[in-house]
Amino acid sequence: MSEGMSNASGVQYMIKAENVSKSFGQLKVLDDVSLTVKPSEVVCIIGPSGAGKSTFLRAINHLEHIDGGRVFIAGNQVAGSDGKGGKFRISAKDRRKILLDVGMVFQKFNLFPHKTALENTMVAPMSVLDKPREDARAKGVDLLNRVGLGDKINSYPAKLSGGQQQRVAIARALAMDPKIMLFDEPTSALDPELVGEVLGVMKQLAKDGMTMVVVTHEMGFAREVADRVVFMESGRIVEEGSPDQIFNAPKNDRLKKFLGAVLEQ
């Protein structure tokens with residue numbers, strides 16, 4: 001089930017996608033995409049709408065079934081081929097166990113409307129990890145304080161701003177103690193003045209050493225926080241490099257055009 005994922009210095013890869021492909025009908029959304037992410041690395045994925053960014057993120061977390069290639073989480077394969085022309089086999093139980101290491105935050109907050117901010121953070125640890133209620137509560141209080149919402153633990157989602165709801169969603173994902181966090185355009189549904197509070201939480205996570213893959217249209221965040229920036233176009237990774245390389249010395253003409261459009265806004 002696992003593969004040796006070390007490089008020469010012994011660093012383990014947290015995510016490894018090999019030649020991943022995915023089609024919806026006749027539309028090829030992912031076309032031979034390969035990416036590795038090291039522990040504590042922050043990778044930002046940028047690109048135009050329809051480039052396959054969100055689908056790729058969902059493929060990493062097995063929310064989308066891939067048609068070809070392989071996906072590994074912390075050295076354990078979760079999807080794809082067996083490398084010998086057949087389909088990789090894994091029990092649903094084993095796959096779920098591996099994927100517990102991966103937290104995900106979506107564009108939409110998807111909070112339980114009938115539960116308080118604190119209760120939203122407690123549900124999964126209690127139901128999936130069988131944590132005692134008091135332990136889940138203590139962890140939830142700690143995480144809501146961490147994202148700056150210690151005074152909102154008893155508030156229901158309807159009483160919270162969009163930025164506050166998204167911060168609850170981040171706390172909810174962190175309550176499962178993931179080793180990897182995936183963010184799918186977490187600020188795209190927010191009013192502009194609320195974006196900063198969510199990005200602030202994400203910056204702190206990066207400083208704390210969380211391994212992160214972030215699909216984002218926030219170029220300032222990518223430039224400041226990312227260790228590596230990946231540009232996708234038409235289902236492929238067209239260029240990747242350091243923020244300095246991508247933003248100040250892009251090589252690909254399509255990337256240059258994309259940056260010219262988004263940085264002038």
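Reckoned from all heavy atoms, side chains included, excluding hydrogens, waters and symmetry mates.
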Would you mind reporting whether Leu174 and Met210 have side-chain heavy atoms less than 4.5 Å apart?
yes
Can you check side chain to side chain contact (heavy atoms under 4.5 Å, CB included) on Val238 and Leu255, steps first, answer last?
CA-CA 8 Å; Val238 176; Leu255 173 56; 5.8 Å; no
Thinking salt bridges, do Asp184 and Lys53 make one under a 4.0 Å N-O criterion?
no
Going through the distances and angles, do Val168 and Leu160 end up as a side chain to side chain contact (heavy atoms under 4.5 Å, CB included)?
CA-CA 10 Å; Val168 173; Leu160 300 174; 4.0 Å; yes
Kindly determine whether Ile73 and Leu99 satisfy side chain to side chain contact (heavy atoms under 4.5 Å, CB included), including the steps that lead there.
CA-CA 7 Å; Ile73 300 295; Leu99 290 174; 4.3 Å; yes
Heavy-atom side-chain proximity of Met176 to Leu129 below 4.5 angstrom
yes
Is there a side-chain contact between Phe112 and Glu119 (heavy atoms, below 4.5 Å)?
no
Are Arg146 and Asp208 within salt-bridge range, i.e. N to O under 4.0 Å?
yes
Any carboxylate oxygen within less than 4.0 angstrom of a Lys/Arg side-chain nitrogen, looking at Lys251 and Glu239?
no
Can you tell if the side chain of Ser54 reaches within under 4.5 Å of the side chain of Gln107, non-hydrogen atoms only?
yes
Shortest non-hydrogen pair, Phe183 vs Leu57, comes out as O-CD2, 3.3 Å
Show the nearest heavy-atom pair for residues Val105 and Ala173, with the distance to one decimal.
CG2-CB, 4.2 Å
Salt-bridged, Asp94 to Arg89, with N to O below 4.0 Å?
no
Kindly give the heavy-atom pair with the smallest separation between Arg95 and Ile90, and that separation in Å.
NH2-CG2, 3.1 Å
Assert yes or no for the condition that the ring centre distance of Phe72 to Tyr13 is strictly below 6.0 Å.
no
Report yes if some heavy atom in the side chain of Lys179 is under 4.5 Å from a heavy atom in the side chain of Thr211; otherwise report no.
no
For residues Val71 and Val37: do they belong to one hydrophobic cluster (side chain heavy atoms under 4.5 Å, members Ile, Leu, Val, Met, Phe, Trp, Tyr)?
yes
Hey, could you give me the NE2/CD distance between His217 and Glu185, rounded to the nearest 0.5 Å?
6.0 Å
For the residue pair Val229 and Ala222, what are the closest heavy atoms and their distance?
CG2-O, 4.1 Å
Under a 4.5 Å cut-off applied to non-hydrogen side-chain atoms, are Pro125 and Lys139 in contact?
no
Evaluate side chain to side chain contact (heavy atoms under 4.5 Å, CB included) for Ser161 paired with Glu197, printing each intermediate quantity in order.
CA-CA 11 Å; Ser161 70; Glu197 61 191 54; 4.0 Å; yes
